[in-house]
There are 2 protein chains.
Amino acid sequence: MKTLIIVSHPDIDESGSQQYLKEALPDSSDITYHHLEATYPDGEIDIEQEQALLQKHDRIIFQFPLYWYSSPPMLKHWLDEVLTENFAYGYGGNKLKGKELGLVLVIGMPEKEYQVGGNEGFSLSALTTPYQAMAKKTQLQFLKPFLIFQFHYMTENEKKRILIAYQQYLMIEKFDTLRAKEAWVLDQMETIDEEMLPAGSSFILDQIKEIIEDNRMELDEIQMYLEQAGGSL
Amino acid sequence: MKTLIIVSHPDIDESGSQQYLKEALPDSSDITYHHLEATYPDGEIDIEQEQALLQKHDRIIFQFPLYWYSSPPMLKHWLDEVLTENFAYGYGGNKLKGKELGLVLVIGMPEKEYQVGGNEGFSLSALTTPYQAMAKKTQLQFLKPFLIFQFHYMTENEKKRILIAYQQYLMIEKFDTLRAKEAWVLDQMETIDEEMLPAGSSFILDQIKEIIEDNRMELDEIQMYLEQAGGSL
């Protein structure tokens, strides 16, 4: 699966959260990082190149700070220019069909304010309606958004947890299932250079692996049992 | 009441609907027409001037074509630049409090598609959530949007009806009440130069005026009667 991260931020060097996410990017040829403001400083978008880029990827991510409940202007400009009739919608316009659309939103206010009665008063599900409508029109499958609230108040541990979830959001096919997360962790463990670990500690990794695999077997057995029980009813 | 129409359109000379609305503008010192792309062709917004302009008006209108379920990028840029902390929200940020926010949206698809099961699939009430949230945050009173669907398919009569409703949306305090519309029509009639009418036809105007005033008296009597009846229950 190939993932295209379309980032929009007018002043990205000053953004701690965007820098953190950028440094967290897995070193993989399956991931393309594409910052619009840097690519097109004069705002002149190369439409053909953007459309070719979209077609080469399976998961499209819009990553931006939520300013006034929407994206910075550059991403809106990109939408208006790149998603043309006969490409993204209309006659013959099915070039995005079946791909996925994810949102990575960096949000300054706390999560609890985004509900009725909260200071912001509207849910992120309501505020992102324009993107849902755009996904519907272009036949993109809309993924559960990846929301980062108040990055600057996070502890180092919280940030690390965000980082792992972010990598999974970019790379795992069904990123929200336990099974996929297990597989991802086992994959990551394979890449660890055991010589870099403190002497005699690599057995801990083996043990973790064993526990994950045992858990998975047990869960699979339970599921099989439940399915059989369901079948005999 | 002073009204500021903030128009965003990247190519306004080519837009039949925007030209039609512009020509329909009442010749009144209470109305300011402000096209962002023309005012700031290089995108450099004069924040102080914009904030001063906002403070001089009571009703703020955002007028734009609905592209990808939102405004053109220039209006988004304007929001991000002009609605600063301590001006529009936050400590001391009550400069817009009590003013009104209206949307005049020009929409290419038919109204019936903007519902569940329709081609667009989402209502305009849902799609405009970001503007509602922005109004809440800045303490603007959000008005019922003024929606123009498929302008290019309208007959001349339909366009004229839109034009009158548009002028009322700009100028009348409670633009959606019958009482206010009556008062507006009577006002407009006062400005007609009777010498411009065909000879002997000005009595028709007098008759229309009389009918409107009689109707209003009758409606007021009915309302008084209903209120008394309600009181005696």
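Side chains included, hydrogens not; waters and symmetry mates left out as well; all remaining heavy atoms used. Residue numbering restarts at 1 for every chain, and letters A, B, ... go by the order of the sequence lines.
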Participant: Can you confirm whether more than 12 heavy atoms, excluding those of A:Glu173, are under 6.0 Å from its CD atom?
Facilitator: no
Participant: For the NZ atom on B:Lys181, are there more than 12 heavy atoms of other groups (residues, nucleotides or ligands in this structure) within a distance under 6.0 Å?
Facilitator: yes
Participant: Heavy atoms only, distances under 4.5 angstrom: which of B:Ser71, B:Gly43, B:Gly121 has the most pairs with chain A? Name it, please.
Facilitator: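 The option with the most such pairs is B:Ser71.
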Participant: Can you say whether A:Ser125 sits under 4.5 Å from chain B via the side chain, the backbone, both, or neither, judging by heavy atoms?
Facilitator: neither
Participant: When you measure from the side chain of B:Lys137 to the backbone N and O of A:Trp68, does any donor-acceptor pair fall under 3.5 Å?
Facilitator: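 Judged by distance alone, no pair lies under 3.5 Å.
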Participant: For B:Asp80 and A:Pro73, which heavy atoms make the closest approach, and how far apart are they?
Facilitator: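 Distance-wise, the nearest heavy atoms are OD2-CD, 3.6 Å.
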Participant: Contact part of A:Leu83 toward chain B, heavy-atom cut-off under 4.5 Å: side chain, backbone, both or neither?
Facilitator: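 Both backbone and side chain.
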Participant: Tell me whether A:Lys159 at atom NZ has more than 12 heavy atoms from other residues, nucleotides or ligands lying less than 6.0 Å away.
Facilitator: yes
Participant: Counting only heavy atoms not in B:Asp27, do more than 12 sit closer than 6.0 Å to its CG atom?
Facilitator: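 Atom CG in B:Asp27 is not crowded, with 12 or fewer foreign heavy atoms closer than 6.0 Å.
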Participant: Check whether A:Tyr89 gets within reach of chain B through its side chain, its backbone, both or neither, counting any heavy atom under 4.5 Å.
Facilitator: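 The answer is the side chain of A:Tyr89.
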Participant: Using a 6.0 Å cut-off, check whether atom CD of A:Glu111 has over 12 heavy atoms from anything other than its own residue.
Facilitator: no
Participant: Heavy atoms, side chains only, cut-off 4.5 Å: are A:Lys76 and B:Tyr67 in contact?
Facilitator: yes
Participant: Under 4.5 Å heavy-atom distance to chain B, tell me which part of A:Thr128 shows up: side chain, backbone, both or neither.
Facilitator: neither
Participant: How many angstroms lie between atom CD of A:Glu120 and atom NZ of B:Lys136, to the nearest 0.5 angstrom?
Facilitator: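 Those atoms lie 8.0 Å apart.
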Participant: What heavy-atom pair brings A:Leu127 and B:Ala133 nearest, and what distance separates the two atoms?
Facilitator: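 The pair with the smallest heavy-atom distance is CD2-CB, 3.7 Å.
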Participant: Return all side-chain donor-acceptor pairs below 3.5 angstrom for residues 9-18 of chain B, not counting sequence neighbours, or 'none' if the list is empty.
Facilitator:
| from | atom 1 | to | atom 2 | distance (Å) |
| --- | --- | --- | --- | --- |
| B:His9 | ND1 | B:Asp11 | N | 3.0 |
| B:His9 | ND1 | B:Ile12 | N | 3.4 |
| B:Ser15 | OG | B:Ser17 | OG | 3.3 |
| B:Ser15 | OG | B:Gln18 | N | 3.0 |
| B:Gln18 | OE1 | B:Gln63 | NE2 | 2.8 |

Participant: Give a yes or no on whether B:Glu48 atom CD has more than 12 heavy-atom contacts from other residues, nucleotides or ligands under 6.0 Å away.
Facilitator: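 No.
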Participant: Heavy-atom distances under 4.5 Å only: say whether A:Phe122 touches chain B with side chain, backbone, both or neither.
Facilitator: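 Only the side chain of A:Phe122 comes within 4.5 Å of chain B.
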